[in-house]
Asker: 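Sharing a structure, written as structure tokens. Questions coming.
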Amino acid sequence: MMLIDCPHCGPRNENEFGYGGEAHVAYPENPAELTDKEWSRYLFYRGNKKGVFAERWVHSGGCRKWFNALRDTVSYEFLAVYGAGEAQPEIQQLQGGTR
Amino acid sequence: MANDTLIKNETRVSPAAHLYQEMADASVPGALSLSEVAFSTKVSVRCAPGSAGFDAVATATGVGLPQKVGEVRGEVDTVAVLWLGPDEFLVAAPEDAQLAAKLDQTLGENPGQVVDLSANRSVLELTGAKAPLVLRKSCPADLHPRAFAVNHAITTSLANIPVLLWRTGEESWRIMPRASFTEHTVRWLIDAMIEFRTETI
Ligand SMILES: [Zn+2]
């Protein structure tokens with residue numbers, strides 16, 4: 001069982017959390033003006049990065065709040081958690097983080 | 001607020017009423033006891049810390065509102081406020097039909113909400129020196145006294161269902177599952193208590 005550090009509740013078991021996909025995908029300013037192709041890009045196209053990836057998570061089994069996390073998609077290691085709406089933090093050290 | 005939604009007659013039945021005898025039989029004198037705390041009042045409060053509504057409700061509860069995970073303001077026997085999230089709290093009190101209306105009035109037009117959730121969860125009380133050993137069988141939270149002091153409460157899971165777990169005393173714990181999970185929780189607890197009926201060898 002992996003521990004995820006909720007910004008509000010501290011470390012909790014991973015099964016208390018839900019995954020919300022890539023973070024920092026802004027909702028289009030004016031969706032009605034988009035072409036079908038642009039709209040599909042917004043809806044379905046994601047980075048799917050190998051390595052450090054900014055993601056949204058929700059602590060559904062606890063405080064029920066959404067937050068962002070930087071996770072290494074290769075090692076599953078969580079490198080940082082930060083508030084929804086906050087800028088992505090710089091990661092200095094990519095290996096041997098908190099756990 | 002609609003106070004008349006509270007049914008005040010002898011026909012009302014608490015979620016674990018039919019399990020009263022089984023809980024009593026499962027209790028181990030001097031070590032473990034399981035019972036239901038029926039018909040207590042629970043009011044959900046949502047308001048953001050730092051807002052006027054937060055300050056108003058904090059004053060109205062008489063004990064403030066908790067500001068971090070695990071924190072409980074007040075006492076189990078009078079009124080207590082549990083932290084459910086940064087802007088979500090549960091006011092728990094012995095039966096008090098006026099409480100929700102009072103807090104709602106205090107919140108007034110400020111952003112937020114006050115909802116009477118008394119029937120949302122059942123309240124089970126597990127007491128005795130062996131209580132942590134029973135809970136630990138399926139609760140993933142750290143129940144060590146160093147991490148879980150008296151009057152500390154968190155949202156966690158027990159027997160694979162979400163519950164509020166509140167340590168109300170040195171050896172007493174309140175477990176609050178949603179009402180429809182009451183039977184499941186009680187039967188699981190009774191099963192987990194069986195081994196403590198026999199003498200330790
Ligand atoms: Zn949380």
Side-chain angles (χ1 to χ4, degrees), chain A residues 1-27 29 53-73 75-91 96-99, chain B residues 44-51 54 65-72 81-90 112-113 115 117 120-121 135-144 146-149 152-167 175-178 181 184-185:
Chain A
M1 182 76 71
M2 203 163 54
L3 286 176
I4 299 177
D5 224 340
C6 169
H8 305 292
C9 307
R12 295 289 186 94
N13 282 356
E14 63 175 296
N15 59 3
E16 292 188 7
F17 295 85
Y19 183 64
E22 184 171 3
H24 311 296
V25 179
Y27 190 76
E29 279 292 332
F53 193 43
E55 304 170 325
R56 299 187 306 155
W57 286 82
V58 60
H59 191 192
S60 40
C63 61
R64 309 197 293 153
K65 290 291 174 193
W66 286 91
F67 61 94
N68 292 333
L70 289 182
R71 185 178 66 99
D72 189 322
T73 57
S75 65
Y76 280 31
E77 184 178 8
F78 278 75
L79 301 158
V81 292
Y82 55 105
E86 284 177 20
Q88 184 175 330
E90 296 272 332
I91 291 294
T98 51
R99 56 187 66 90
Chain B
S44 160
V45 173
R46 298 208 63 167
C47 52
S51 68
F54 181 94
L65 292 173
Q67 305 230 35
K68 62 178 200 301
V69 62
E71 186 184 355
V72 175
V81 192
L82 281 60
W83 187 98
L84 301 189
D87 56 4
E88 187 174 10
F89 316 95
L90 190 72
Q113 69 176 27
V115 181
L117 292 184
N120 179 234
R121 291 175 187 273
L135 296 172
R136 265 187 227 163
K137 290 186 185 186
S138 84
C139 178
D142 186 354
L143 304 183
H144 192 281
R146 157 190 75 216
F148 215 115
H152 184 91
I154 58 164
T155 310
T156 181
S157 64
L158 186 79
N160 292 320
I161 55 135
V163 296
L164 295 181
L165 184 64
W166 179 11
R167 188 176 175 201
I175 303 146
M176 297 188 251
R178 298 231 157 74
F181 286 112
H184 165 81
T185 313

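Below, chains carry the letters A, B, ... as their sequence lines are ordered, and counting in each starts from 1. Just so you know, these numbers come straight off a predicted model, no measurement behind them.
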Asker: Verify the ring-centre separation between A:Tyr19 and A:Trp57: is it less than 6.0 angstrom?
Answerer: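 Yes, the ring of A:Trp57 comes within the 6.0 Å limit of the ring of A:Tyr19, centre to centre.
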Asker: Check whether B:Glu88 reaches the backbone of B:Gly85 with its side chain - one donor and one acceptor, N or O, closer than 3.5 Å.
Answerer: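 Looks like no, no N/O pair under 3.5 Å.
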Asker: For A:Arg12, give me all partners under side-chain hydrogen bond (donor to acceptor under 3.5 Å, both in side chains), at least two apart in sequence or on another chain.
Answerer: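 For A:Arg12, the residues satisfying side-chain hydrogen bond (donor to acceptor under 3.5 Å, both in side chains) (neighbours in sequence not counted) are A:Glu16.
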Asker: Taking the inter-plane angle between the rings of A:Tyr82 and A:His24 on a 0 to 90° scale, is it parallel (under 30°), tilted (30 to 60°) or perpendicular (over 60°)?
Answerer: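 Rings of A:Tyr82 and A:His24: parallel, as their planes differ by under 30°.
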Asker: Would you confirm whether A:Asn13, through its side chain, and A:Asn15, through its main-chain N or O, come within 3.5 Å as a donor-acceptor pair?
Answerer: no
Asker: Considering only heavy atoms and a distance below 4.5 Å, find which of B:Pro86, B:Pro140, B:Pro162, B:Ala141 pairs most often with chain A.
Answerer: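 The candidate making the most pairs under 4.5 Å is B:Pro86.
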Asker: If the contact rule is any heavy atom under 4.5 Å from chain B, which residues of residues 58-66 of chain A qualify, in numerical order?
Answerer: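 A:Gly61, A:Gly62, A:Cys63, A:Arg64, A:Lys65, listed by number.
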Asker: Is the shortest side-chain heavy-atom distance between B:Val69 and B:Trp83 below 4.5 Å?
Answerer: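 Yes; the side chains approach each other to less than 4.5 Å.
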